[in-house]
Amino acid sequence: MMTIHPLAPYRQQVVPLFQRLWGATDMVVSSGQYDIRNLDGFVAVVEQQIVGVLSYVIKPDELEIISLDSLRPSQGIGSQLMQAAEQLAQEQQLHRITTITTNDNLQALAFYQKRGYQIRAVFPDAVAKARAIKPEIPLVAENGLPIRDELQLAKKIQE
């Protein structure tokens with residue numbers, strides 16, 4: 001059985017996992033530079049093992065998802081982490097949730113859109129700027145697409 005928990009008590013386990021998945025503890029996107037060691041979030045746990053992580057920052061009027069990782073695809077892990085983030089946004093009386101992904105991440109684009117998120121902005125060549133800060137970002141994704149643009153997706157939580 002999967003349970004969702006706040007990230008903070010699991011931070012020592014999450015940091016090496018994040019380094020393995022993302023190549024470093026920092027994320028560089030159009031909205032800023034973030035370090036997982038300083039972010040709030042949620043973890044999905046099955047039998048005392050972390051199977052998913054969502055990190056976020058709260059900004060005026062919105063919750064921005066910085067990262068979402070499921071270690072067991074197609075098992076509802078990402079969906080449950082998203083539900084926790086959306087519930088938190090409602091409790092905090094925030095009006096929307098946003099996230100940024102890259103043009104090559106077709107799976108993420110489909111995942112968010114199926115859950116009511118809409119593309120709100122496109123940042124052409126944003127990844128080149130991010131690479132200046134974080135050079136380990138690859139030029140080409142595993143699916144063969146060049147990684148160059150960022151897309152912001154958003155979902156209204158309440159009016």
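In the hydrophobic cluster analysis, where Ile, Leu, Val, Met, Phe, Trp and Tyr join through side-chain heavy atoms closer than 4.5 angstrom, Leu109 is grouped apart from Ile137. Taking hydrophobic clusters as Ile, Leu, Val, Met, Phe, Trp and Tyr residues chained together by side-chain heavy-atom distances below 4.5 Å, Ile147 does not share a cluster with Leu68.
Between Asp104 atom CG and Arg148 atom CZ the span is 10.0 Å, to the nearest 0.5 Å. Between the CG atom in Leu54 and the OG atom in Ser70 there is a gap of 11.5 Å [rounded to 0.5 Å]. Here the CG-CD1 distance, from Asp61 to Ile157, works out to 11.0 Å after rounding to the nearest 0.5 Å. Taken to the nearest 0.5 Å, the CD atom of Glu64 stands 10.5 Å off from the CZ atom of Arg96. The CD atom of Glu142 lies 10.5 Å from the CG atom of Asn105; values are rounded to the nearest 0.5 Å. Atom CZ in Phe123 sits 9.5 Å away from atom NZ in Lys129 (nearest 0.5 Å).
A donor-acceptor contact shorter than 3.5 Å links the side chain of Asp149 to the backbone of Asp125. Side chain of Lys134 to main chain of Asp26: a donor-acceptor pair is present (N/O by atom type, distance under 3.5 Å, no hydrogens or angles). In this structure, Arg11 contributes its side chain and Leu39 its backbone to a donor-acceptor pair below 3.5 Å. For Thr99 (side chain) and Leu153 (main-chain N/O), no donor-acceptor pair under 3.5 Å exists by modelled atom type. Distance alone, capped at 3.5 Å, is enough to place a donor-acceptor pair between the Asn103 side chain and the Pro146 backbone. Arg131 places a side-chain N or O within 3.5 Å of a backbone atom of Pro138 that can act as its donor or acceptor partner.
Two residues are said to be in side-chain contact when any heavy atoms from C-beta on lie closer than 4.5 Å; Ser79 and Phe111 meet this criterion. Put simply, the side chain of Val51 does not reach to within 4.5 Å of the side chain of Val45, judged on heavy atoms. Side chains of Val127 and Thr102 form a contact here, defined as non-hydrogen atoms less than 4.5 Å apart. For the pair Ile100 and Leu151, the minimum side-chain heavy-atom distance is 4.5 Å or more. Between Val46 and Met1, every side-chain heavy-atom pair lies at or beyond the 4.5 Å cut-off. No side-chain heavy atom of Lys156 sits under 4.5 Å from any side-chain heavy atom of Tyr117. In this structure, Leu63 and Gln92 have side chains that are not in contact, with every pair of non-hydrogen atoms separated by 4.5 Å or more. Taking 4.5 Å as the limit, some side-chain heavy atom of Tyr34 sits within range of a side-chain heavy atom of Val57.
Around CD of Gln33, the count of heavy atoms belonging to other residues, nucleotides or ligands within 6.0 Å exceeds 12. Remark: Glu47 CD is loosely packed, at most 12 non-hydrogen atoms of other residues, nucleotides or ligands lying under 6.0 Å away.
When Ile66, Leu17, Thr25, Leu21 are each tested for a side-chain contact (heavy atoms from CB on, under 4.5 Å) with Ile36, only one passes: Thr25.
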Could you please spell out the steps behind the side chain to side chain contact (heavy atoms under 4.5 Å, CB included) verdict for Glu150 and Val122?
CA-CA 6 Å; Glu150 290 181 346; Val122 177; over 6 Å; no
Determine, step by step, whether Val140 and Leu145 satisfy the side chain to side chain contact (heavy atoms under 4.5 Å, CB included) criterion, reporting the C-alpha distance in whole Å, the side-chain angles of both residues, the deciding distance to 0.1 Å, and the verdict.
CA-CA 6 Å; Val140 178; Leu145 293 175; over 6 Å; no
Under the criterion side chain to side chain contact (heavy atoms under 4.5 Å, CB included), I'd like the reasoning laid out for Ile4 against Gln83: C-alpha separation, chi angles, the key distance, then a yes or no.
CA-CA 10 Å; Ile4 305 296; Gln83 287 173 358; over 6 Å; no
Side chain to side chain contact (heavy atoms under 4.5 Å, CB included) between Phe18 and Arg37, intermediate numbers included
CA-CA 10 Å; Phe18 201 81; Arg37 294 174 294 191; over 6 Å; no
Could you walk me through whether Gln113 and Arg115 satisfy the side-chain hydrogen bond (donor to acceptor under 3.5 Å, both in side chains) test, starting with their C-alpha distance in whole Å, then the side-chain angles of each, then the deciding distance to 0.1 Å, before giving a yes or no?
CA-CA 5 Å; Gln113 290 180 82; Arg115 285 153 185 82; over 6 Å; no
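Minimum heavy-atom separation, Arg120 to Ala154: CG-CB, 3.5 Å. The minimum heavy-atom distance between Val43 and Pro6, with the atom names listed, is CG2-O, 4.2 Å. Between Ser67 and Met27 the shortest heavy-atom distance is CB-CE, 4.4 Å. In terms of heavy atoms, Thr101 sits closest to Ala108 at OG1-CB, 3.8 Å. In terms of heavy atoms, Ile133 sits closest to Pro135 at O-CD, 3.4 Å.
Checked against a 6.0 Å centroid threshold, the rings of His5 and Tyr10 count as neighbours. Ring centers of Phe42 and Tyr56: under 6.0 Å apart, within the cut-off.
Arg72 and Gln49 form a side-chain donor-acceptor contact under 3.5 Å, judged by distance and modelled atom types alone. Side-chain contact annotation: Glu62 with Thr98, donor-acceptor N/O pair under 3.5 Å present.
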